[in-house]
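Below, read A as the first sequence line, B as the second, and so on, with proteins coming before strands; counting in each chain starts at 1.
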Protein chains: 2
Amino acid sequence: MASRAKKRDAGPELARVLYALGDPIRLEIVRQLARQGEIPCLGFGIDMPKSSLSHHFRVLREAGILGSRAEGTSIFNFLQVEELERRFPGLLPGILGNL
Amino acid sequence: MASRAKKRDAGPELARVLYALGDPIRLEIVRQLARQGEIPCLGFGIDMPKSSLSHHFRVLREAGILGSRAEGTSIFNFLQVEELERRFPGLLPGILGNL
DNA sequence: TTTATTGTTCGATAAAACTCGAACCATATG
DNA sequence: CATATGGTTCGAGTTTTATCGAACAATAAA
């Protein structure tokens, strides 16, 4: 076996992404980002303490769904569209199409 | 408000489906069903007690992802492809394509 | 420098989910 | 009838997650 060392068990990685998206609040975050581009953490209009929001952003970032960019005192979040499309082709469109 | 009473918040329903799929074991179940059609509960080769397996099947069924058909003493599971496609167009293909 | 604004991180607590054995229920088969 | 097969359900124990307040850090503005 020569030309195969990658293509490993894709299950866990995909499961992690789906798990991260399997929450109404996090799905709402993704929904707004898909429509409005970049949004700072406290700009989603979600009524919830900062620490709770921060938790959800972390889950989404660690799953590779969100990226963030610091500007001033704000942290702008954005969907990592290209990277996700590369990792899981067709997945994101299939989800965003139902938001 | 006349012509709108449905089309409610699609978030929770979608989140439930994604949550159900956000687990390696359940994703493996879906993967096998996508390839082999109908499989009885104990036919997935997953090393786990029946009660634990039953739990995962319940999660998948209650999310509307799996259907089941009793035959003899067995219960055959299958993906509810059409129903899922109707509820969330393009979602299932986007996921199965990465399994 | 002081004061806001925008977050993160750290416990602690509460709620959910996973796992497992045991009991149970059909449907078969001997 | 007795026994095996294939699953579900229940209850308990364990592990994860979610939520929140409090403390902290960095940048901006007064």
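Taking every heavy atom of both residues into account, A:L27 and B:A15 meet most closely at CD2-N, 3.7 Å. Between B:R61 and B:C41 the shortest heavy-atom distance is NH2-SG, 3.7 Å.
In this structure, A:L42 places its CG atom 11 Å from C1' of C:dT8, rounding to the nearest Å. One atom, CG of A:L60, and another, P of C:dG7, lie 15 Å apart when rounded to the nearest Å. As a whole-Å value, the separation of A:L53 CG from C:dG7 C1' is 10 Å.
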Below 3.5 Å between N/O atoms, which protein atoms pair up with nucleotides 16-21 of chain C? Just atom names and distances, please.
unit_1	atom_1	unit_2	atom_2	d
C:dA17	O3'	B:Y19	OH	2.8
C:dC18	OP1	B:R26	NH1	3.0
C:dC18	OP1	B:R26	NH2	3.0
C:dC18	OP2	B:H55	NE2	2.7
C:dT19	OP2	B:H56	NE2	2.6
C:dG21	N7	B:S51	OG	3.1
C:dG21	O6	B:S51	OG	3.1

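Taking OG of B:S74 as the start and CZ of B:R69 as the end, the distance is 9.5 Å to the nearest 0.5 Å. Remark: A:L60 CG to A:L79 CG distance equals 9.0 Å, nearest 0.5 Å.
In this structure, B:R31 is not positioned above the aromatic face of B:F44 in the sense of NZ or CZ being under 6.0 Å from the six-membered ring centre and within 45° of the axis.
For the pair A:I46 and A:I29, the minimum side-chain heavy-atom distance is below 4.5 Å. The shortest side-chain heavy-atom distance between A:H55 and A:V59 falls under the 4.5 Å cut-off.
The salt bridge (Lys or Arg N to Asp or Glu O under 4.0 Å) check on A:R87 picks up A:E13, with sequence neighbours excluded.
OP1 and OP2 of C:dC10 both lie 4.0 Å or more from every side-chain N or O belonging to A:R58.
Heavy atoms of B:S54 sit under 4.0 angstrom from at least one base atom.
Contacts between chain B and DNA chain D, taken as any atom within less than 4.0 angstrom of a protein heavy atom, begin and end at D:dT5 to D:dT9.
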